[in-house]
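Worksheet: one structure, shown below.
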Number of protein chains: 2
Amino acid sequence: MPDTKPLLMIPGPTTVPETVRQAIARPSIYHRGAQFAELLSECNAGLQKLLGTACPVAMLAASGTGATEAAVANLLSPGDRILVINTGKFGARMGQIASRYGIGVTWWQCRPDQTADPDLLARFLHQVPFQALGIVYNETSTGVQQDLTRLGQVAADAGVLAIVDAVSIVGGAPIDMDENRLDAVIGASQKALMLPPGLAFVALSEQAQARAETCTNPRYYFDLPKALQALERGQTPYTPPVNLICGLREALHMVEQEGMAQVFARHRALAHACRAAIRAMGLKLVPTDDAHASATVTAAWMPQNLDSSELVKRVLHSSSILISGGQDELKGRIFRIAHMGSCSVEDLTRTVSAVASALSDMDMPTEPIRAETAAVQAYREAIGQES
Amino acid sequence: MPDTKPLLMIPGPTTVPETVRQAIARPSIYHRGAQFAELLSECNAGLQKLLGTACPVAMLAASGTGATEAAVANLLSPGDRILVINTGKFGARMGQIASRYGIGVTWWQCRPDQTADPDLLARFLHQVPFQALGIVYNETSTGVQQDLTRLGQVAADAGVLAIVDAVSIVGGAPIDMDENRLDAVIGASQKALMLPPGLAFVALSEQAQARAETCTNPRYYFDLPKALQALERGQTPYTPPVNLICGLREALHMVEQEGMAQVFARHRALAHACRAAIRAMGLKLVPTDDAHASATVTAAWMPQNLDSSELVKRVLHSSSILISGGQDELKGRIFRIAHMGSCSVEDLTRTVSAVASALSDMDMPTEPIRAETAAVQAYREAIGQES
């Protein structure tokens with residue numbers, strides 16, 4: 001089997017560890033038997049720990065977008081209204097999905113470097129009757145991480161369901177679904193969970209489950225009440241992606257072995273290290289406040305007149321490392337380094353060093369060794385503080 | 001890596017060959033790059049050969065049911081009417097999906113052992129204005145295979161779109177989508193295509209593509225026009241199940257190496273052999289006419305007063321072979337043996353022998369050796385006739 005090449009430092013798909021790949025390659029098991037029921041139950045329990053919830057988690061053969069549609073289409077009916085905190089591409093997507101279903105969408109447009117203010121949210125929610133609030137916990141397109149601790153609470157106090165897209169962060173940072181009173185939390189396999197793409201999931205609170213029961217949108221494959229009924233019997237309504245679920249069990253074992261707190265600490269430290277390296281290169285981060293910087297993906301502005309697409313190409317060709325450029329209106333203007341899942345500090349230092357070299361070649365004077373050193377030091381400091 | 005155990009002789013998931021499992025276990029590739037575009041294009045071409053079409057094939061991370069919903073929800077709008085040839089569980093499912101979308105469903109209820117008469121269909125379609133005809137090419141729940149050669153033609157002549165669920169037969173029997181004037185053909189990975197579940201697809205005719213453009217149903221993840229636009233750029237709109245698509249390429253290579261005609265001949269011969277063995281046991285097949293018997297799954301009635309759930313259990317415990325019982329109203333009354341994908345005549349003879357033994361133990365006198373011999377002879381005859 002060939003080695004992982006190039007090194008994937010993009011926000012999904014991420015590197016899939018060897019043991020997870022082996023688990024996926026094992027012969028399929030029958031999805032209507034006791035063996036599968038046990039697998040599903042084990043994975044459900046593992047995801048519940050990562051999501052900080054006692055709520056059931058519906059698993060779907062789908063991408064994260066499919067699971068987001070499932071959440072939106074089950075919790076809102078035509079004529080309902082959703083307030084979407086729009087911090088980038090994935091906030092926009094949640095709103096677009098809602099629009100398709102005849103749900104009224106109000107955008108709370110945030111600058112790409114900002115997060116939503118809970119006090120302002122409270123005022124919004126008391127002025128206009130919304131049925132749901134859409135939050136992208138970790139906006140992959142800008143590297144901005146929302147502070148969920150108060151947003152869910154404010155929504156719950158206003159009787160509004162909080163729908164959280166946590167696709168690019170489940171497994172990389174704590175989520176306290178129950179404590180933060182979140183109603184739907186959406187995740188997918190190919191990000192911090194270290195799996196190939198094709199598996200996504202939605203955890204639903206009791207309120208969300210009740211709403212889904214009365215929802216009038218047409219849906220069949222994404223019928224979440226049906227998925228939760230099947231889950232009680234240890235099944236899924238339709239044939240599930242069995243092999244990916246076997247891989248998920250292995251990935252959850254890995255998280256357990258490293259320790260959930262340690263996994264989150266490693267992600268925080270990697271993010272800290274990545275920011276330090278980028279600052280050492282003399283570049284500006286997209287999130288202006290480190291408190292809002294993502295634990296799993298770091299976005300930085302390109303120097304004036306340089307195109308990030310060119311940077312991505314150079315890093316790939318010189319070092320066989322894949323990083324990301326910007327999307328949509330940020331195309332060419334920012335670059336993004338993801339540091340999630342099985343990512344190590346060595347992977348990160350290799351990456352920042354390659355980025356610095358490529359920038360030098362593009363006539364932006366940077367010293368790879370400074371970026372690398374800054375990353376290593378920052379990582380050590382952060383990990384030291386954690387332990 | 002452990003061996004395939006038990007032997008899966010159920011209509012999905014089926015045995016995944018070692019090389020396909022290895023292909024799936026390789027490191028993920030980025031889904032927005034040239035390497036993926038090449039993979040997608042190669043798989044599209046391979047599926048087009050199997051489906052007998054020059055039409056594009058949209059690939060989805062979903063089960064076959066998800067792809068069926070995609071076809072129905074993109075080709076029919078609320079208020080439209082579909083005539084569903086209902087020969088069992090999966091015909092019923094297509095109708096249920098349509099109902100959820102406010103599409104009027106007329107059932108053409110067939111007995112489980114019957115196929116639809118094209119002349120009768122022509123009369124139906126001229127009396128009532130339907131927008132679509134729903135056909136399950138291979139009804140997995142009863143082992144009945146429709147004759148598509150005239151059904152699609154009759155529908156096309158009446159200006160009605162033919163939607164064909166071919167989930168449990170793509171790769172196991174010829175499909176002539178273009179010649180038979182079919183408009184949507186739906187397939188999935190975990191059947192005759194020898195892959196784990198999680199990947200499904202829909203091929204759309206030009207008429208179907210045009211209809212999808214004007215369809216008013218709410219949909220986002222299953223928006224097929226968007227999928228076909230992305231396909232032209234060598235992409236999918238949302239993150240695809242990359243590793244399963246890598247597995248698909250390998251499975252398509254295997255089909256090419258064996259020869260498509262040879263693969264279909266092997267399936268026909270296995271089906272012939274399975275029927276011969278069941279008759280040798282003194283049992284009755286569900287399809288009364290061999291011309292309508294499925295190439296990929298054979299269904300037989302249980303002897304009076306014996307329960308097929310018990311048979312399934314005994315075969316599993318005595319021989320580590322998994323066969324299927326009946327579903328819904330056929331539960332307990334029929335058993336089903338699937339012989340698709342990488343299935344060999346040895347797999348089949350082991351299975352019929354185990355079934356005969358188990359029936360003997362259940363006080364139905366059968367001789368395993370007779371069943372086995374009948375299978376081997378019938379297989380040789382059939383393969384001999386083919387070559």
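To find a chain, count down the sequence lines: A is the first, B the second, and so on, and within it residues start at 1. Values below: every heavy atom of this structure, side chains too, minus hydrogens, waters and symmetry copies.
Looking at B:L60, neither its backbone nor its side chain comes within 4.5 Å of chain A, counting heavy atoms on both sides. In this structure, the portions of B:I97 lying under 4.5 Å from any heavy atom of chain A include both its backbone and its side chain. Heavy-atom distances place no part of A:L199 under 4.5 Å from chain B, backbone and side chain included. Contact of B:P78 with chain A is not made at all, since no heavy-atom distance falls under 4.5 Å.
No other option in B:G247, B:G33, B:P17, B:A61 has as many heavy-atom pairs under 4.5 Å with chain A as B:A61. When A:T14, A:T239, A:V242 are compared by the number of non-hydrogen pairs under 4.5 Å with chain B, A:T239 comes out ahead.
Between B:P13 and A:H31, the shortest heavy-atom distance links the atoms CD-ND1, 3.4 Å. Scanning all heavy atoms of the two residues, the minimum distance from A:V16 to B:S28 falls at CG2-OG, 3.9 Å. In terms of heavy-atom proximity, A:R21 sits nearest to B:P27 at NH1-CD, 3.6 Å.
At a threshold of 4.5 Å between non-hydrogen side-chain atoms, the residues B:Y220 and A:R93 count as touching.
With rounding to the nearest 0.5 angstrom, the CG atom of A:N243 is 10.5 Å from the CG atom of B:N243. With values rounded to the nearest 0.5 angstrom, A:Y101 atom OH is found 9.0 Å from B:N217 atom CG. A distance of 10.5 Å separates OH of B:Y238 from OG1 of A:T68, quoted to the nearest 0.5 Å. In this structure, CD1 in B:I29 is found 10.0 Å from CG in A:L8, a value given to the nearest 0.5 Å. For the atom pair CZ of B:R100 and CZ of A:R219, the computed distance is 7.0 Å after rounding to the nearest 0.5 Å. Distance OG1/B:T65 to CG/A:D223: 12.0 Å, rounded to 0.5 Å.
Of all residues spanning residues 186-198 of chain B, those with a heavy atom less than 4.5 Å away from chain A's heavy atoms are B:Q190, B:P196, B:P197, B:G198, arranged by number.
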Next item on the list: Please lay out, stage by stage, how B:Y221 and A:Y221 fare under the test ring pair (Phe, Tyr, Trp, His ring centres under 6.0 Å).
Entry: CA-CA 11 Å; B:Y221 185 70; A:Y221 185 70; 7.9 Å; no

Margin query: Quick one, A:I24 with B:I24, criterion side chain to side chain contact (heavy atoms under 4.5 Å, CB included). Give me CA distance, side-chain angles, the key distance, then yes/no.
Written below: CA-CA 8 Å; A:I24 290 165; B:I24 290 164; 3.6 Å; yes

